[in-house]
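If you read the sequence from its start, that first residue is 1, and numbering goes on from there. Counting starts at 1 for both ligands and their atoms, in listed order. Just so it is clear, the structure is predicted and the values come from calculations on it, not from any experiment.
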Amino acid sequence: MTLRIYDTAARKKRVFEPQDAKRVTLYVCGPTVYNYAHIGNARPPVVFDVLRRVLMARYGEDAIVYARNITDIEDKIIAASVASGEPISAITQKYAAIYNADVEALNVIAPTIEPWATGHVPEMIEIIEKLIRKKYAYVGDTGVWFSVPSMPDYGRLSGRKPEDNEAGARVAVDEDKRDPSDFALWKFAKPGEPEDAIWDSPWGRGRPGWHIECSAMAAKHLGRTIDIHGGGVDLTFPHHENEIAQSECAHGEELARYWMHNGFLDMGGEKMSKSLGNVVTVHDLLKAWPGEVLRFALLTAHYRAQLDWTEDLLKQAKTTLDRIYGALRRVWEADGGEARDTGVLRALEDDLGTPDALAELARLASEANTAADLKDAVAMANGRANLLAAGKLLGLLTKTPKEWEQGADTDENSRIDAQVQARVDARVAKDWAEADRIRKALAEEGVEIMDGPAGSTWRRI
Ligand SMILES: Nc1ncnc2c1ncn2[C@@H]1O[C@H](COP(=O)(O)OP(=O)(O)OP(=O)(O)O)[C@@H](O)[C@H]1O
Ligand SMILES: [Zn+2]
């Protein structure tokens, strides 16, 4: 099977061919770290984690070099530091750690490289110098600007006109620009700005613009031309368009061979976003739901489609995962099976078709259940292997069925195990009243006993 992905730049699905099958490079724009991430912000790391897993399956785990940056200098971070009186690094370290813990709870594998913008200011200055030298950029009164009219094919990724840049929220509208569509590469420090937001440069003290951060980090860690560049669809314009302008005008080489963008996660009919205030943080969701349920819910829609975030979506994701883990429990002891080529990889290789892949996963669970009903040892072992292989590709089924159903092993669990055994003993002794009493007592504390051919077990509900 070939891997086909929808390339935003080509506006169609293309067969994916890396430059070098031994070193496949992927860059995804990471978070601006100044507060808790909402579940919409978690969609890119989860979607591109699935892509990474598919690439790992094709090219080998060590062949994938995945960079996801941390934007730790930006106007919003400075504003947060001024408002709270905390140093910038205290804010960024705190929220980067929370972000990484949040996405790890969603079974996202840590990126190979996590560059922080503030660690790459010399590289940014170098690119800006090159752009000035080649006359793609100029020094103004408030900063250094990229001259958009100097690049004839500006806008080819998004198909948007340079004039649209004027409305870009992240683009300052300043008097000293030669053209309204020009964007900032370097911003001179203004009086009163915190010292930890200021760097020296050949043009004056200040800080880099947001777009140049990614151009510098991608080139330094992955090379001038990367295989796949990804991010949320709102980054297509102006962020990615501006990354292309900076990198390609400076280097004279194509920045990325494939561009992938995830659609929005909506809540209440609108894009979940901090500015609208319709957000629910990953941090809060994790207090109520296992991370795997959040991940499953995120993958129910195709990554390019919009996804409505509702309580119902979460409940359905939980129920489906319970059923799949239940099937896995029934075949768990039958190890040594062989995974066959299921439809999961095939669905994912068609532009990350996660809805079809999840449907196939549910089908594999039914198959495992049938094998368990028939007590067919070989089919049970293969059923287990198929479920685990599919789970690995999707980043699901990372717990043992026991961990999923009972939680971490505690004294509490040993007490429940003992109660379940006492009920088994009561039933053997035909003491139905006692057996029933134990079942009801456990049910009252949210524990359901499950009787099966292999004996009795339990789960928290
Ligand atoms: N509702 C959403 N659905 C999907 N992706 C989103 C959503 N909101 C933000 N993103 C993505 O999250 C990533 C992190 O972006 P960033 O930290 O800059 O947040 P943001 O865009 O400022 O969020 P907000 O729009 O809430 O202010 C980006 O790739 C962005 O495209
Ligand atoms: Zn970026």
Any side-chain donor near an acceptor of the partner, Asp266 and Gln306, under 3.5 Å:
yes
Near-ring test His38/His283, centroid separation under 6.0 angstrom:
no
Under 4.0 Å, counting heavy atoms only: does Gly263 come that close to any atom of ligand 1?
yes
Cation-pi check, Arg178 to Tyr138: give yes when NZ or CZ is under 6.0 Å from the six-membered ring centre and within 45° of the ring axis, no otherwise.
yes
Name the option, out of Thr236, Thr32, Val28, Asn41, that contains the heavy atom nearest to atom 23 (O) of ligand 1.
Asn41
Under 4.0 Å between heavy atoms, the region of Glu74 that gets near ligand 1 turns out to be neither
The atoms of ligand 1 lying under 4.0 Å from a heavy atom of Gly232, numbered in the order shown, are 29 (O), 31 (O)
Which of the atoms in ligand 1, numbered in the order shown and given with their element, are less than 4.0 Å from a heavy-atom of Phe264?
2 (C), 3 (N), 4 (C)
Ser275 to ligand 1: N or O pair under 3.5 Å?
no
Which is it for Trp309 and Arg43 under the side chain to side chain contact (heavy atoms under 4.5 Å, CB included) test, yes or no, and what are the steps along the way?
CA-CA 11 Å; Trp309 193 259; Arg43 200 173 184 194; over 6 Å; no
Salt bridge or not for Asp227 and Arg257, using N-O below 4.0 Å?
yes
Heavy-atom contacts under 4.0 Å between Asn262 and ligand 1: side chain, backbone, both, or neither?
side chain
Taking the six-membered ring of Tyr258, is NZ or CZ of Arg14 closer than 6.0 Å to its centre and within 45° of its axis?
yes
Would you mind telling me which of His240, His261, His229 makes a side chain to side chain donor-acceptor pair (under 3.5 Å) with Thr8?
His261
To which of Gly40, Gly231, Pro44 does the heavy atom nearest atom 4 (C) of ligand 1 belong?
Gly40
Tell me whether the Zn ion (ligand 2) has Cys214 as a neighbour, meaning an N, O or S atom of it below 2.8 Å.
yes
Within 4.0 Å of some non-hydrogen atom of Met272, the atoms of ligand 1 are 1 (N), 2 (C), 8 (N)
Short version for Leu265: what comes under 4.0 Å of ligand 1, heavy atoms counted, is both
Pair Phe146 and Phe183, ring centroids less than 6.0 Å apart
yes
Can you find an N/O atom of Lys271 closer than 3.5 Å to an N/O atom of ligand 1?
yes
Under 3.5 Å between any N/O of Lys274 and any N/O of ligand 1: does that happen in this structure?
yes
Using a strict threshold of under 4.0 Å (side-chain N to carboxylate O), is an ion pair present between Glu367 and Arg330?
no
Using 2.8 Å as the threshold, say whether any N, O or S atom from His239 sits that close to the Zn ion (ligand 2).
yes
Output a table of donor-acceptor pairs, distance under 3.5 Å, between side-chain atoms of residues 46-55 and any protein atom two or more places apart or on a different chain; print 'none' if there are none.
| from | atom 1 | to | atom 2 | distance (Å) |
| --- | --- | --- | --- | --- |
| Asp49 | OD1 | Ile109 | N | 3.0 |
| Asp49 | OD2 | Arg53 | NE | 2.8 |
| Asp49 | OD2 | Arg295 | NH1 | 3.0 |
| Asp49 | OD2 | Arg295 | NH2 | 2.8 |
| Arg52 | NH1 | Ile109 | O | 3.2 |
| Arg52 | NH1 | Ala110 | O | 2.8 |
| Arg52 | NH2 | Ala110 | O | 3.3 |
| Arg53 | NH1 | Lys392 | O | 2.7 |
| Arg53 | NH2 | Asn107 | O | 2.9 |

Could you tell me which atoms of ligand 1, counted from 1 in the order shown, lie closer than 4.0 angstrom to a heavy atom of Lys76?
22 (O)
For ligand 1, which atoms sit closer than 4.0 Å to a heavy atom of Asp234?
21 (O), 30 (C), 31 (O)
Please say whether the positively charged group of Arg384, taken as NZ for Lys or CZ for Arg, lies over the ring of Trp332, i.e. under 6.0 angstrom from the six-membered ring centre and within 45 degrees of the axis.
yes
Among the N/O/S atoms of Glu243, the Zn ion (ligand 2) lies closest to OE2
